[in-house]
Asker: 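Structure in structure tokens, see below.
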2 protein chains.
Amino acid sequence: MVTMRNIAEQVGVSISTVSLVLSDKDRGRVRSDIAQRIRQAALELGYQPNRLASGLRTNHSRIIGFLSNEVATTPFAGRMLEGAQDAALALGYMLLTINVHDNDRETDREITALKQYGTDGFIYARMFNQSTVLPAPLDGCRTVIANGTDAEGQAPSIIPDEYHIGLCATNHLIETGCKRIAYIGTVHTMIAQSGRVAGYLDALSAHGIPFDPEIMINVDDGADAAARLPAFFNAHTDLDGFFCFNDTRAWGVYEEAAHRGLVIGKDIAVVGVDNHEVIAEAIDPPLSSVELPHYEMGYWAVGKLVSMLQGETPEPFPCAGYPINRAQLPPLTDNHAKITCQLRIKQSWFRRRP
Amino acid sequence: MVTMRNIAEQVGVSISTVSLVLSDKDRGRVRSDIAQRIRQAALELGYQPNRLASGLRTNHSRIIGFLSNEVATTPFAGRMLEGAQDAALALGYMLLTINVHDNDRETDREITALKQYGTDGFIYARMFNQSTVLPAPLDGCRTVIANGTDAEGQAPSIIPDEYHIGLCATNHLIETGCKRIAYIGTVHTMIAQSGRVAGYLDALSAHGIPFDPEIMINVDDGADAAARLPAFFNAHTDLDGFFCFNDTRAWGVYEEAAHRGLVIGKDIAVVGVDNHEVIAEAIDPPLSSVELPHYEMGYWAVGKLVSMLQGETPEPFPCAGYPINRAQLPPLTDNHAKITCQLRIKQSWFRRRP
DNA sequence: CTGAAAGCGCTTACAG
DNA sequence: CTGAAAGCGCTTACAG
């Protein structure tokens with residue numbers, strides 16, 4: 001392993017000087033020709049700083065703890081993780097990831113273990129937009145919540161703009177000609193749903209479409225959707241648009257429509273939120289959906305955390321994974337940011353009634 | 001932060017003695033009553049060893065680099081990650097995760113960054129069972145490959161037993177009464193496919209069912225399946241069982257069957273491999289599938305790596321996530337292990353012909 | 001059985 | 001402008 005000592009010996013200066021130069025603190029302190037030779041030698045020898053050593057000394061490990069649940073079961077957690085990783089790498093940090101289980105005493109043990117590595121701060125990534133109480137061992141640690149908000153209002157956070165999702169999905173259905181737009185939701189109380197429904201209502205109202213509570217239905221899960229949608233379709237034969245809380249519900253609509261010989265994109269229009277790729281694509285024609293910005297939330301959260309750690313907002317930093325639109329990200333100065341979501345249109349929704 | 005110095009002061013011994021005791025090297029070296037008091041003090045003060053410091057000193061960071069691609073797009077990578085994390089935590093290690101992109105020069109930079117943290121070893125997790133050339137920066141690093149094999153035959157590895165998958169899926173179809181079992185595969189050359197087909201052929205032959213190459217079809221993707229399966233069904237109206245390479249193909253069969261009014265579980269039986277949960281469950285009745293052991297591969301790989309790092313095989317260690325059957329895992333002494341896969345039967349395949 | 005000392009690789013006042 | 005020295009928290013021969 002190449003150390004500063006090796007460089008110092010080769011160039012014929014002290015380790016202090018090498019350290020000064022390699023951490024870019026040499027301006028006006030080290031003669032520029034010597035600095036030059038040090039950098040050159042570092043390059044030639046392939047010097048890589050030992051982060052363990054510098055972390056020990058400075059008490060800054062450049063390690064960020066990434067806590068999530070459900071990495072194992074959905075691809076969405078993975079997207080947040082990838083966004084966080086891209087940002088971390090660009091900013092010179094590394095991610096130690098832990099999969100936590102809600103309400104599990106294991107979690108505390110795992111966070112404690114994480115702290116042994118001198119973690120500078122934490123990202124607490126949630127599987128769905130929810131008000132969140134941070135685990136106790138995180139008290140006093142710099143933490144940013146991704147896809148959720150701090151119940152105590154302290155930790156900075158980023159969430160999708162749920163209202164905008166409802167507004168834009170419904171607007172889109174209206175613009176393609178839908179007049180009777182059902183909302184297929186969940187029976188569970190979720191922040192995401194109230195925001196989206198508010199957007200749905202405002203979109204209807206802005207277009208002078210009367211709101212009919214009869215064509216909103218909340219189901220428990222896929223099985224419940226399958227059980228209850230037939231009667232729902234029977235009761236409302238004039239429905240031409242469906243705004244679905246998620247892919248499970250969009251799937252239920254697809255299935256029921258198929259049974260009735262209704263063609264999506266012709267007889268009815270469907271927009272779901274955050275479909276599993278594999279389902280959205282499998283359906284022919286593919287479902288449209290509003291894409292939740294998981295990657296972007298992970299990416300923003302790390303940028304936010306680093307700006308807290310370093311006391312300044314980092315310069316714009318590259319991202320390797322998705323081509324994100326940086327202009328669309330909230331500024332890192334926001335403490336409780338909302339991010340808008342992309343409507344991903346998989347087909348033309350222009351409706352051709354006979 | 002509580003350090004050994006604090007404990008030493010409180011108990012009135014030297015730091016050396018504290019270190020000896022807390023790293024369990026005190027047998028016959030420290031009076032047991034003093035050892036007792038040291039442990040007690042550590043507990044009371046909530047001492048947590050600083051891994052940066054011990055890592056710097058011993059050159060063992062207890063950090064494992066977990067390299068995977070595709071964490072962001074499939075839940076399978078997440079399962080490997082979770083298995084690896086559970087094993088790491090149980091063995092006192094931590095995972096630094098990096099999402100690498102194949103044939104990307106970024107990868108080298110990222111691995112180099114990882115090494116700056118004194119990573120003890122690496123897990124190289126592959127998205128599908130494939131022969132793998134390790135990235136150059138991993139040369140000379142302890143590395144275990146999960147879900148793939150080393151093209152050079154050096155690095156230990158674990159893969160699913162593909163032959164057993166084909167054998168057991170086909171046997172299952174035969175046992176439920178199928179006589180004409182189609183294989184729906186992929187046009188792409190994959191280790192997984194050749195193994196599974198070998199199992200399929202052997203199962204047929206063991207039951208005296210003649211092999212008919214006409215009822216094997218390889219498709220490119222979902223769209224290709226949708227395009228070609230109608231003709232395939234037309235040409236072979238006597239098919240009663242389908243062994244599908246993966247969920248995309250099982251989905252194609254499901255769609256075509258639905259168009260024809262064939263009921264899965266009654267008219268035809270279908271087994272796919274490693275269905276996306278969301279698709280397998282959405283289909284009514286749900287598809288059966290052979291579950292790929294992603295969690296177990298990640299779990300085993302870390303155990304293997306740790307046994308290499310420590311020069312001894314670790315005691316059986318707990319796992320927090322899935323309830324895995326440890327007896328089913330290959331021994332850690334294997335260098336190129338195969339792991340059998342579970343057939344997950346979602347419904348009775350007993351066929352009731354009129 | 002116990003402690004003083006050296007050292008892992010780095011950073012940072014401080015002295016020259 | 002440059003270097004000697006101290007120290008981050010730990011481990012490990014070594015001396016007593």
Side-chain angles (χ1 to χ4, degrees), chain A residues 1-39 41-42 45-63 92 94 113 115-120 310, chain B residues 1-39 41-42 45-63 92 94 113 115-120 310:
Chain A
M1 187 190 195
V2 182
T3 68
M4 286 191 174
R5 165 178 297 277
N6 301 323
I7 299 176
E9 281 166 0
Q10 168 151 338
V11 178
V13 293
S14 75
I15 298 177
S16 322
T17 308
V18 174
S19 174
L20 240 35
V21 171
L22 295 185
S23 50
D24 286 324
K25 299 201 181 89
D26 57 315
R27 285 291 310 269
R29 304 228 262 154
V30 177
R31 247 168 49 207
S32 66
D33 58 322
I34 293 193
Q36 200 47 255
R37 280 167 55 208
I38 290 175
R39 285 184 226 278
L45 297 173
Y47 170 74
Q48 297 293 334
N50 181 328
R51 300 259 182 227
L52 257 41
S54 59
L56 178 61
R57 180 59 231 249
T58 61
N59 221 4
H60 296 123
S61 61
R62 303 193 79 88
I63 291 178
M94 214 68 199
K115 287 165 110 180
Q116 294 182 4
Y117 292 87
T119 321
D120 290 340
Q310 304 188 339
Chain B
M1 187 191 194
V2 182
T3 68
M4 286 191 174
R5 166 178 296 277
N6 301 323
I7 299 176
E9 280 166 1
Q10 167 150 337
V11 178
V13 293
S14 74
I15 298 177
S16 321
T17 307
V18 174
S19 174
L20 240 35
V21 171
L22 294 185
S23 50
D24 287 325
K25 298 201 180 90
D26 56 316
R27 285 291 310 270
R29 304 229 261 155
V30 178
R31 246 168 50 209
S32 67
D33 59 321
I34 293 193
Q36 201 47 254
R37 280 168 55 209
I38 291 174
R39 283 184 227 279
L45 297 173
Y47 170 75
Q48 295 294 334
N50 182 328
R51 300 257 182 228
L52 257 41
S54 60
L56 179 60
R57 179 60 231 249
T58 61
N59 222 3
H60 296 123
S61 62
R62 303 193 78 87
I63 291 178
M94 213 67 198
K115 287 165 110 179
Q116 294 181 3
Y117 292 87
T119 321
D120 290 339
Q310 305 189 337

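Every chain is numbered from 1, with letters handed out A, B, ... down the list of sequences.
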Asker: Check B/R62 against B/D120 and note the closest heavy-atom contact, atom names and distance.
Answerer: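 So the two residues come closest at N-OD2, 2.7 Å.
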Asker: Could you tell me the separation between the CG atom of B/L52 and the OG atom of A/S54, rounded to the nearest 0.5 Å?
Answerer: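 Spacing of CG (B/L52) from OG (A/S54) equals 8.0 Å.
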Asker: Would you say A/S19 reaches C/dT11's phosphate, i.e. side-chain N/O to OP1/OP2 under 4.0 Å?
Answerer: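 True: A/S19 side-chain N/O within range (under 4.0 Å) of C/dT11 OP1/OP2.
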Asker: Do B/Q116 and A/P49 have side chains that get closer than 4.5 Å, going by heavy atoms?
Answerer: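 When only atoms from C-beta onward are counted, A/P49 and B/Q116 do touch, with a gap below 4.5 Å.
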Asker: Give me the stems containing DNA chain C, sorted by first residue, counting only three or more consecutive Watson-Crick or G-U pairs with both distances under 3.5 Å; say none if there aren't any.
Answerer: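 So the stems come out as C:1-3 with D:14-16, C:5-12 with D:5-12, C:14-16 with D:1-3.
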Asker: Nearest whole Å is fine: how far is D/dC1 C1' from A/R37 CZ?
Answerer: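 It is 14 Å, rounded to the nearest whole Å.
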Asker: Looking at every non-hydrogen atom in both residues, tell me the closest pair between B/A41 and B/I7 and how far apart they are.
Answerer: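 That closest heavy-atom pairing would be CB-CG2, 4.0 Å.
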Asker: Return the set of residues passing side-chain hydrogen bond (donor to acceptor under 3.5 Å, both in side chains) with A/Q310 (not counting sequence neighbours), or none when no residue passes.
Answerer: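 Result, side-chain hydrogen bond (donor to acceptor under 3.5 Å, both in side chains) vs A/Q310: A/Y93.
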Asker: Once you round it to whole Å, what is the distance between P of D/dC10 and CD of A/Q116?
Answerer: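 Spelled out: CD on A/Q116 to P on D/dC10 is 10 Å.
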Asker: Run the side-chain donor-acceptor check on residues 9-23 of chain B: report pairs under 3.5 Å with partners two or more places apart or on a different chain.
Answerer:
from, atom 1, to, atom 2, distance (Å)
B/S14, OG, B/S16, N, 3.4
B/S14, OG, B/T17, N, 3.3
B/S14, OG, B/T17, OG1, 3.2
B/S23, OG, B/S19, O, 2.6

Asker: What residues from residues 22-36 of chain B pass a heavy-atom cutoff of under 4.0 Å to DNA chain C?
Answerer: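 The stretch gives B/G28, B/R29, B/V30, B/R31, B/I34 as the residues lying under 4.0 Å from the strand, ordered by number.
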Asker: B/N6 CG to D/dC10 C1': how many Å, rounded?
Answerer: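 Computing the B/N6:CG to D/dC10:C1' distance gives 13 Å.
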Asker: Starting from C1' on C/dC10, measure out to CG on B/N59 and report it in whole angstrom.
Answerer: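 Interatomic distance, CG of B/N59 to C1' of C/dC10: 14 Å.
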Asker: Going by the rule side-chain hydrogen bond (donor to acceptor under 3.5 Å, both in side chains), which residues pair with B/R39 if we only count those two or more places apart in sequence or in a different chain?
Answerer: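 Testing B/R39 for side-chain hydrogen bond (donor to acceptor under 3.5 Å, both in side chains), a comparison that skips the adjacent residues, returns B/D24, B/D26.
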Asker: How would you list, by chain and number, every residue that makes a side-chain hydrogen bond (donor to acceptor under 3.5 Å, both in side chains) with B/R31, sequence neighbours excluded?
Answerer: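 For B/R31, the residues satisfying side-chain hydrogen bond (donor to acceptor under 3.5 Å, both in side chains) (neighbours in sequence not counted) are B/D33.
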Asker: Between the protein and nucleotides 6-9 of chain C, which nitrogen or oxygen pairs come in under 3.5 angstrom?
Answerer:
from, atom 1, to, atom 2, distance (Å)
C/dG7, N2, B/R57, NH1, 3.2
C/dC8, O2, B/R57, N, 3.3
C/dG9, N2, A/A53, O, 3.2

Asker: With the side chain counted from C-beta on, respond yes when A/N50 and A/M1 share a heavy-atom pair under 4.5 Å apart, and no when they do not.
Answerer: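 A side-chain contact under 4.5 Å exists here.
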Asker: Whether A/T17 contacts D/dG3 is assessed here as follows: a side-chain N or O lying under 4.0 Å from the phosphate OP1 or OP2. Is that the case?
Answerer: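 True: A/T17 side-chain N/O within range (under 4.0 Å) of D/dG3 OP1/OP2.
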Asker: Whole Å only: how far is the CD1 atom of A/I15 from the P atom of D/dG3?
Answerer: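 For the pair A/I15 CD1 and D/dG3 P, the rounded distance is 11 Å.
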